[in-house]
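Below you'll find the structure, written out as structure tokens, and then a few comments.
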Amino acid sequence: MPIKREYLERNRTLWTTVREIMGEEYEDYLRYITSPSYRPYIRANTLKIEPKALKERLERKGFVLEDTVLPYAFRVLRYPSEMGKTLEHFLGYFYVQDLASMLPAHILNPRPHSFVLDIAAAPGSKTTLLSALMENTGMVFANDASMDRVRALVNNVERMGCLNVVVSIYKGEKLVRFYREYYDYVLVDAPCSSVGTLHKNPEVALWWSPKDVRTYSRIQYRLLVAGWQMLKPGGRLVYSTCTITYEENENVVEQFLSDTDATLLPVPEIGIGEIEGRIPGTKRFYPHRTNTEGFFIALFEKRI
Ligand SMILES: C[S@@+](CC[C@H](N)C(=O)[O-])C[C@H]1O[C@@H](n2cnc3c(N)ncnc32)[C@H](O)[C@@H]1O
């Protein structure tokens, strides 16, 4: 069910914030998130099945799938039964995941046999993609602070057949004492105020406040710095959120760049309508432009 305009309007501060960010595009954005135009995406689990074989199998069952810019991702135009209740889902042949949410791992692009830290990993959509991109070699250290969410992470890691994943429950900031300059790649998919998911999670409009944004931005900064300290020289780090406020994205990146010697690399062009963030090289994904969740991505490299 898409969010209703009146529902969003009830939270005046959220309404005003989103309008400021979207500027002239505000009406287009609003039309998109309040209409049923959003279609879910699935990601074929290449550890278990070829994307083409999955597509054929699901289409035989009445699904209508559209190719995307990623070879293992499909947009689901029609699904005759609940996706999470299909045999193929149970067998770990696919993960229901927004296209934008696949991009942080896709852009990090870890080599097989490398060591990867996913500092805020639950429920594991990106961990399981990282594992698949590494062809079940090396190690993905999948950490999350929430015990409840780690249960889902473990289920997903098992369902998807990821044998190279180690799961940990810890505050990401505190891992630094064990793993200084240890990882070849780090993903900081930070907790955030989730404005980019409004069309899927209307309840965000009930609790969202500027105070949450300030709280999240402090956690985001701490996780980013911790992730950076655990990255080896020469390694790469992706920072991502599913929100669109500047405080949780560009402002965090700006502070981070002024406090460290990190090099900001341009996020490679994906070609789905993403736009440059306020800091050149970072990317913003807006639902009405990209047919995805709202997202932000920045890419960094550590000098040798
Ligand atoms: C955006 S979600 C992560 C989604 C996940 N990367 C995925 O793709 O499935 C953010 C996560 O950060 C976790 N988190 C919050 N504070 C944290 C902290 N201090 N250290 C580690 N994880 C934290 C939350 O429990 C939540 O699971």
Side-chain angles (χ1 to χ4, degrees), residues 40-43 45 70 72-73 84 92 94-108 110 116-133 140-160 162 165-179 183 185-198 200-201 204 207-208 212-230 237-245 248-249 252 285 292-298:
Y41 292 86
I42 57 171
R43 170 171 60 80
N45 180 11
L70 300 183
Y72 43 77
F94 71 87
Y95 200 116
V96 181
Q97 181 177 11
D98 188 84
L99 182 67
S101 151
M102 301 178 204
L103 296 174
H106 172 81
I107 288 162
L108 195 58
V116 180
L117 170 65
D118 188 353
I119 200 167
S125 69
K126 299 177 189 70
T127 294
T128 51
L129 174 52
L130 291 164
S131 164
L133 292 172
V140 183
F141 192 91
N143 176 73
D144 200 280
S146 156
M147 168 73 101
D148 276 352
R149 290 176 62 95
V150 164
R151 285 199 187 95
L153 169 66
V154 169
N155 283 341
N156 283 321
V157 165
E158 285 180 357
R159 183 175 65 84
M160 304 296 273
C162 302
V165 174
V166 173
V167 173
S168 130
I169 310 173
Y170 221 68
K171 282 203 164 195
E173 308 87 297
K174 297 198 170 174
L175 286 172
V176 179
R177 64 177 86 152
F178 309 117
Y179 298 109
Y183 294 98
Y185 302 90
V186 173
L187 176 60
V188 181
D189 184 43
C192 68
S193 73
S194 306
V195 179
T197 69
L198 262 176
K200 291 195 320 195
N201 304 318
V204 171
W207 57 258
W208 189 96
D212 294 309
V213 170
R214 284 193 295 277
T215 306
Y216 277 121
S217 64
R218 283 193 289 271
I219 300 172
Q220 288 152 354
Y221 175 76
R222 286 204 300 268
L223 285 175
L224 180 51
V225 170
W228 184 250
Q229 291 171 334
M230 290 186 268
L237 180 151
V238 163
Y239 173 76
S240 57
T241 73
C242 61
T243 200
I244 56 174
T245 65
E248 296 175 87
N249 294 314
V252 172
F285 297 78
T292 65
E293 287 176 356
F295 235 83
F296 173 85
I297 304 182

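Both ligands and their constituent atoms are indexed starting at 1 by order of listing.
Under the side chain to side chain contact (heavy atoms under 4.5 Å, CB included) rule, Thr127 has a single partner from Leu187, Val165, Asp144, which is Val165.
Residues Glu248 and Thr241 approach most closely at O-CG2, 3.9 Å, considering heavy atoms. Here the closest non-hydrogen pair linking Gly172 and Ala226 is O-CB, 4.0 Å. Heavy atoms only, all atoms of each residue included: Asn143 and Lys171 are closest at ND2-C, 4.3 Å.
With hydrogens and angles disregarded, a donor-acceptor distance shorter than 3.5 Å links the side chain of Asn249 to the backbone of Thr243.
Aromatic rings of Phe178 and Tyr170 (six-membered ring for Trp) have centroids within the 6.0 Å cut-off, being under it.
Near ligand 1, residues Ile119, Ala120, Ala121, Ala122, Pro123, Gly124, Ser125, Lys126, Asn143, Asp144, Ala145, Ser146, Arg149, Tyr170, Lys171, Gly172, Glu173, Asp189, Ala190, Pro191, Leu223 come within 4.0 angstrom through at least one heavy atom.
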